[in-house]
Structure formats: structure tokens, C-alpha cells
Amino acid sequence: MNTKEAAAFIRENLTTTPAVGLILGSGLGVLAEEIQNPIQISYKDIPHFPESTVSGHKGQLVIGELEGRQVIAMQGRFHYYEGYDMKQVTFPVRVMKELGVETLFVTNAAGGINESFNAGDLMVITDHINNMGDNPLIGANDDDLGPRFPDMSEAYDRRLIDHAMKSADRLGLKIQRGVYIGNKGPVYETGAEVRMLRTWGGDAVGMSTVPEVTVANHAGIRVLGISCISNMAAGILDQPLTHEEVIETTAHVREDFLSFVKDLLKTLPA
Ligand code: HPA
């Protein structure tokens with residue numbers, strides 16, 4: 001099977017088993033540079049792996065040690081809006097599972113819907129809404145991978161959310177919590193759409209994360225999600241949205257983001 005071939009290829013380059021997977025979103029790939037004794041594997045070298053196309057994303061796995069944990073980081077992810085199907089978008093999560101990953105940290109840049117947020121805030125994701133009109137688990141279910149009808153009532157592990165809030169307190173970081181809505185993209189939302197998403201209960205909106213978290217839940221991997229609020233969503237402030245702003249803001253919160261994730265790893269509960 002493709003997942004097994006990809007995992008076998010990666011495993012050949014490793015001497016340890018990664019326990020924590022990190023998916024690093026737009027502008028957040030710098031975390032991978034902190035990994036000690038890193039082994040870098042370009043996506044294009046891994047059998048069956050798709051290739052990343054969006055600027056601000058590097059397109060490689062970085063595997064090694066971070067804060068005493070064996071981690072495998074995706075520096076750059078695959079987005080649905082790039083034209084990949086849901087199976088391709090989530091392929092790396094399946095590979096991580098095959099490699100032994102039990103905990104997944106998923107990060108992204110997102111627009112703030114909640115008007116009490118500010119650009120530059122970090123938000124721990126408490127739940128999500130799949131507004132992508134698709135699902136990576138459609139099709140025949142492989143019962144060895146997970147159940148046909150997976151439970152999503154705790155898509156984001158409560159203990160990990162708790163852990164994250166405690167870590168933020170310790171570090172003196174003001175961290176928001178909220179619901180992430182995953183849209184297809186690639187357009188940013190209209191102002192009317194943002195108002196609608198707010199009535200749905202969304203706090204932040206982005207174009208990723210939902211597929212990977214869905215497959216992680218199916219596979220029994222516990223998930224922690226962190227959004228970097230790179231901008232306020234359309235129509236809230238009187239200004240247009242640009243990808244440059246997204247990248248610029250994530251660069252500003254880089255230090256907070258790095259210390260937060262590193263502390264989360266250092267003190268990660270078993
Ligand atoms: N909308 C959707 N995706 C995003 C945004 C946004 O405002 N900012 C960063 N990713």
C-alpha cells in the first residue's frame with residue numbers, strides 16, 4: 001500500500017521512532033529549524049507524496065528531537081485549494097500514523113472572526129466546522145485504519161487543550177480559544193460570508209487543518225490545534241486581505257509561537 005511504502009522509505013532514514021507529528025502552517029515552518037539532529041526529507045523524494053506549491057511553504061519533512069521529544073514535522077502542507085484531493089491532503093497523516101505518531105500538533109494561519117481577537121493572537125482550537133464540502137474518509141473504509149463512522153465529539157483532545165492553556169499561563173502568553181472553520185479557499189471570504197460564519201459559531205477561518213484532523217481522529221491520533229490569527233477576517237476592518245499580510249503577521253508572532261510549542265512539547269502529558 002502507498003502509505004506503507006512511503007513510511008518504509010522514511011523509516012530507512014531514521015534511527016528513532018517519531019512520537020509527535022507537527023504540521024506547520026503558512027509562515028510557521030521556522031519551528032522545524034529548531035529540531036536537533038534533523039533529518040530532512042524533501043516531499044518530492046518520498047514515494048507517493050504530493051508536492052507543495054504555495055509560497056511560504058517549504059515542502060519537506062524534518063525529523064529529529066525537539067524539547068526531548070522525537071518529532072516529525074511537515075514544513076509545508078498540502079491544501080485542497082491547490083488541487084489535491086482529500087486523500088492526498090491527508091496522506092502525510094496516514095504516513096505519520098504508520099511511523100508510530102500518537103500525538104499531532106496542527107498549526108495554521110487563520111482569519112479572526114471573533115471580534116474580540118486581534119491580528120497576531122494565537123488561538124487554541126477547541127473544535128472545528130468542516131465547511132469544505134468534502135471529507136477525506138469518503139470511499140471504502142479500511143477497518144484496520146479506523147472505524148467507518150468515526151466519533152468527532154472530541155476532535156481536539158481536551159487534555160491537550162487544558163495542557164495548552166496551562167502552558168500559556170506559565171509563559172504569560174495571552175492565548176485565545178475557539179472554533180476553527182475550514183473553508184475550501186483559495187479566495188478569502190466575503191464580508192457577508194464572515195458574518196454568516198460568526199452566526200455559525202466560528203471564531204477563526206482558514207483553508208486547511210480540517211482534513212488532517214479528521215484523518216487523525218479516524219486513526220486514533222490525539223490532536224492539538226493552534227491557529228495564528230494572521231489577520232482579522234474580511235469586512236471587520238476596513239482593509240483588503242493579502243497573503244503578504246498573513247506571512248508578515250505570522251513572522252511577528254514567531255517568537256511567542258516558538259516558545260509556546262516548545263513548552264507544550266517539553267511538558268507534554270503521556
Ligand atoms: N480567511 C481564510 N483563510 C485565511 C485567512 C482568512 O482571513 N487568513 C489566513 N488564512
Side-chain angles (χ1 to χ4, degrees), residues 22-31 52-59 74-84 86 89-90 105-134 136 155-156 175-214 224-254 256-257 260-261:
L22 306 169
I23 300 181
L24 304 176
S26 298
L28 302 171
V30 282
L31 181 66
S52 187
T53 64
V54 75
S55 71
H57 289 256
K58 249 193 177 149
M74 286 184 77
Q75 214 171 13
R77 59 145 61 82
F78 306 110
H79 298 90
Y80 194 60
Y81 64 73
E82 291 178 89
Y84 300 114
M86 285 273 166
V89 169
T90 55
F105 288 8
V106 188
T107 68
N108 58 53
I113 296 177
N114 186 321
E115 286 170 297
S116 73
F117 290 3
N118 291 298
D121 283 350
L122 293 171
M123 181 188 92
V124 169
I125 305 177
T126 54
D127 207 347
H128 77 213
I129 293 173
N130 179 359
N131 192 39
M132 296 180 106
D134 201 350
Y156 299 80
I175 301 281
Q176 310 284 6
R177 296 157 51 106
V179 172
Y180 175 92
I181 299 188
N183 272 351
K184 265 185 194 161
V187 288
Y188 292 118
E189 299 66 35
T190 65
E193 285 165 346
V194 170
R195 289 192 294 280
M196 175 190 75
L197 297 176
R198 189 178 297 123
T199 69
W200 286 6
D203 296 291
V205 58
M207 308 173 192
S208 67
T209 301
V210 164
E212 295 102 315
V213 171
T214 302
L224 177 71
I226 302 169
S227 289
C228 167
I229 305 300
S230 55
N231 56 279
M232 290 309 286
I236 297 177
L237 306 174
D238 192 17
Q239 61 188 47
L241 308 188
T242 64
H243 184 58
E244 286 65 38
E245 181 194 1
V246 170
I247 297 297
E248 216 172 274
T249 309
T250 49
H252 278 127
V253 293
R254 190 165 283 174
D256 283 352
F257 175 75
F260 188 39
V261 177

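Every heavy atom of this structure was used, including side-chain atoms; hydrogens, water molecules and symmetry mates were not. Residues: numbered from 1 along the sequence shown. As the structure lists them, so they are numbered: ligands from 1, and atoms in each ligand from 1. Nothing here was measured: the structure is a model prediction, and the numbers come from that model.
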Peer 1: The test is side chain to side chain contact (heavy atoms under 4.5 Å, CB included); show your working for Thr209 and Arg77 and say whether it passes.
Peer 2: CA-CA 9 Å; Thr209 301; Arg77 59 145 61 82; 3.5 Å; yes
Peer 1: Who pairs with Asn118 by side chain to side chain donor-acceptor pair (under 3.5 Å), at least two apart in sequence or on another chain?
Peer 2: none
Peer 1: When you compare the side chain of Val106 with that of His128, does any pair of heavy atoms fall below 4.5 Å?
Peer 2: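 No. Closest side-chain heavy atoms not under 4.5 Å.
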Peer 1: So, Thr126 side chain and Gly178 main chain: donor-acceptor pair closer than 3.5 Å or not?
Peer 2: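 Present.
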Peer 1: Considering only N or O atoms, set out every pair between ligand 1 and the protein closer than 3.5 Å, with distances to one decimal place.
Peer 2:
{"residue": "ligand 1", "atom": "1 (N)", "partner": "Glu189", "partner atom": "OE1", "Å": "2.7"}
{"residue": "ligand 1", "atom": "1 (N)", "partner": "Glu189", "partner atom": "OE2", "Å": "3.4"}
{"residue": "ligand 1", "atom": "7 (O)", "partner": "Asn231", "partner atom": "ND2", "Å": "2.9"}
{"residue": "ligand 1", "atom": "8 (N)", "partner": "Gly111", "partner atom": "N", "Å": "3.4"}
{"residue": "ligand 1", "atom": "8 (N)", "partner": "Asn231", "partner atom": "OD1", "Å": "2.7"}
{"residue": "ligand 1", "atom": "10 (N)", "partner": "Ala109", "partner atom": "O", "Å": "3.4"}

Peer 1: Compute whether any side-chain donor of one residue and acceptor of the other, for Asn183 and Glu189, lie under 3.5 angstrom apart.
Peer 2: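 Short answer, yes.
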Peer 1: Using side-chain heavy atoms (C-beta onward) and a distance below 4.5 Å, is Tyr81 in contact with Met132?
Peer 2: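 Sidechains of Met132 and Tyr81: no contact.
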